[in-house]
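One structure below.
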Amino acid sequence: MAPPLKAPLLLLSTLTLQTSSFQPPQISKFLSPNSQKASSSNLQAKQTYIYDGGELQSFLLSNPSKNAIPSPRGAADDVGYVTFVTSKYQIGILADDKETTATSTIDNYKVYSNTMAKIPNGVSEADAMSTAAACLVGIDCAVPRLNVGGADELGFYGGKAVVVGGNEYACFLAEGLAVLGIDTSIVSTGSVKLKHGQVNTLGPAVPSQDEEIGFTTAIGQFNTLIDTIANERSGSLSTDGSSVIQLLSTRHGCNTYISTLSKSQSIVKKEGVIFGPGKANAHVKALESKASSKCMSMIPSSGFGEMLQILLNSKVIYRSKSNKAIVTRGWSMKEFWEETSWPRDSNGSGVRFGMPVVEENDLDEVFRRERLALQRRRIVDDDEEEDDGAVAVQVKVEENPYVTQIVGTDGLAEAIINQRKSSVVFVSMRSCRTCKTINPVYTKIAREYEGDVMFAKADATGRVGKALGKSLGLISVPSFVLFRNGVRYGAVQTSKLPSDRLQKAINDLESGRDFDPACEVGDDD
């Protein structure tokens, strides 16, 4: 793993930032007429918690069979809710009126039996509900279990877990996992405040002999990683996710990746602290107007109540931040700043240091496969002949659906020039280590791009490749050649991705502006 790069210093103006909590009127009307303690009833409290973003995504992937009753419109399933009720030192999750599984009652409210727990002395009803809501995804979906003989559906708690982030919520998750008997490590760029001494603390880089290694390398094999400051998955219910998630599994045996990043956190992360808060607040307002029928009821694992009971008895409590009827965890400056300032791996991939990255041996294998794909690109079909007796040629469909492979000047003319395409062509060579390193990042950029520019790749190796490079006027690789409507627009030379210069060139290409010569060469981003 390459040494870490220090994150750039950001100068921020003073802003007043608050974690959002809200009370959507339509949802509130559907779920509960009030949230305060009832004086004429045994019911002590009732509170609904809203989940979205990576947090809801992780919950759905962890509980697919338990949540077979989503809202009618699939596109609206990015918002879920859980309602907790308490009475007479008990807490449970409110069950759906039509629920036929095992249920009990709390002051005439039907709750799922396996979500119930007793509230110990010294723990308030509000703190019990806040703790239950906080552990629903970050602990219940993440805790490793050892299934012995298959008799127990969930098995015994056991294994190793890693929590990324040093915020209050991350500390709660780490302590909760530790009291369940999990060998837990928490990784943060700053100091962490832990009340229990059973958690290992690490930084992104861990000293080892004469060098620093990443925290995943230092820990070795582990079962679960809970990410409180980012989400390595893309797509609403993507199970494969990024190369980081794949490498966590293949290298470290970590088959459970849980992100607790809310939608509002994602918005602030993407837009920054200047424009992000306003857009995050607009997202909250949109949730406020969402009808309850467009929110899905979240049903946790059958061991939720037992797990919650252990946390409450051990006094691992996530203190209540709101007494409103409906609450969302929102976002915080500490989480945003830690993700932003986290050092990046110096290989140019943009991956947070300590997370697994594609090494040179892996890149050699990837490049070997690409070379084989090129060799198989033109396949002769003996069954098809043209009228003049010439053998017809079939073009093999590329394995990478996001990046079009260009072979030589003929391929360039066929795919871009003749089609009058606007495109970015990543020109590399087989012997170029830097090209291999940034290739996965280029694919990621292409996958996440939502405009009309086509992303392509060409090899400048060999006679055909050298002729292509000469026709493009290139003197070095890696280079990125841009075309507008099939005409060469400009070229950007950079050894690292993402690149601000390349991004500006693409933006100018899309907007119709002339190519800025300052984008061509410059300091690596």
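Numbers here simply count residues along the sequence, with the first being 1.
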Q | Verdict with supporting geometry, Leu308 and Cys135, side-chain contact (heavy atoms from CB on, under 4.5 Å) | A | CA-CA 8 Å; Leu308 176 60; Cys135 70; 4.2 Å; yes
So [Y] and [X], do their side chains get closer than 4.5 Å, heavy atoms only?
X: Pro300; Y: Thr115; result: yes
X: Lys436; Y: Ser428; result: no
X: Arg319; Y: Thr131; result: no
X: Ser262; Y: Asp52; result: yes
X: Glu168; Y: Lys321; result: yes
X: Leu225; Y: Thr256; result: no
X: Leu202; Y: Val162; result: no

One thing to verify: whether [Y] and [X] come together as a salt bridge, which I'm taking to mean a side-chain N less than 4.0 angstrom from a carboxylate O.
X: Lys444; Y: Glu448; value: yes
X: Arg344; Y: Glu339; value: yes
X: Arg352; Y: Asp227; value: yes
X: Glu175; Y: Lys195; value: no
X: Glu125; Y: Lys46; value: no

Sequence neighbours left out, what passes ring-ring contact (aromatic ring centres under 6.0 Å, His included) with [X]? Give chain and number order.
X: Phe480; value: Phe426, Tyr442
X: Tyr449; value: Phe455
X: Phe222; value: His252

Q. Checking side chain to side chain donor-acceptor pair (under 3.5 Å) for the pair Lys457/Asn439: CA distance, chi angles, key distance, verdict?
A. CA-CA 9 Å; Lys457 183 181 177 183; Asn439 184 52; 3.0 Å; yes
**Q.** Between Ser297 and Asp96, a side-chain donor and acceptor under 3.5 Å
**A.** no
Q: State, without any angle test, whether Ser113 and Ser104 hold a side-chain donor-acceptor pair at a distance under 3.5 Å.
A: yes
Taking [Y]'s backbone N and O only, do any of them form a donor-acceptor pair with [X]'s side chain (distance below 3.5 Å, no angle check)?
X: Gln265; Y: Phe336; answer: no
X: Asn281; Y: Pro277; answer: yes
X: Asp127; Y: Val123; answer: no
X: Thr48; Y: Ile326; answer: no
X: Thr228; Y: Val164; answer: yes
X: Gln57; Y: Thr260; answer: no
X: Ser259; Y: Glu55; answer: no
X: Thr224; Y: Ala142; answer: yes
X: Gln198; Y: Ile182; answer: no
X: Tyr169; Y: Ala134; answer: yes

**Q.** Closest contact, heavy atoms only, Ala117 versus Leu312
**A.** CB-CD1, 4.4 Å
Q: Locate the shortest heavy-atom distance separating Val163 from Ala170; write the atom from each residue and the value.
A: CG1-O, 3.7 Å
Q: For Thr443, enumerate each residue passing the side chain to side chain donor-acceptor pair (under 3.5 Å) test, keeping only those at least two apart in sequence or located in another chain.
A: Asn400
Q) Sequence neighbours excluded, which residues qualify as side-chain contact (heavy atoms from CB on, under 4.5 Å) partners of Ala126? A) Ser124, Ser320
Q: Write out all pairs satisfying salt bridge (Lys or Arg N to Asp or Glu O under 4.0 Å) with one or both partners inside residues 271-283, taking only residues at least two apart or from two chains.
A: Glu271-Lys279
Measure the spacing between [atom1] of [X] and [atom2] of [Y] and express it to the nearest 0.5 Å.
X: Met333; Y: Glu338; atom1: CE; atom2: CD; result: 13.5 Å
X: Ile139; Y: Leu311; atom1: CD1; atom2: CG; result: 5.0 Å
X: Ile258; Y: Leu61; atom1: CD1; atom2: CG; result: 8.0 Å

(Q) side-chain contact (heavy atoms from CB on, under 4.5 Å) for Tyr81 and Met298? Distances and angles first, verdict last. (A) CA-CA 6 Å; Tyr81 72 88; Met298 299 164 61; 5.8 Å; no
Q. Can you name the one residue among Asn114, Val82, Val111 that meets side-chain contact (heavy atoms from CB on, under 4.5 Å) with Ile93?
A. Val82
Q: Evaluate side-chain contact (heavy atoms from CB on, under 4.5 Å) for Asn200 paired with Ile186, printing each intermediate quantity in order.
A: CA-CA 6 Å; Asn200 307 310; Ile186 187 169; over 6 Å; no
Q. Which is it for Trp337 and Asn167 under the side-chain contact (heavy atoms from CB on, under 4.5 Å) test, yes or no, and what are the steps along the way?
A. CA-CA 10 Å; Trp337 177 247; Asn167 50 78; over 6 Å; no
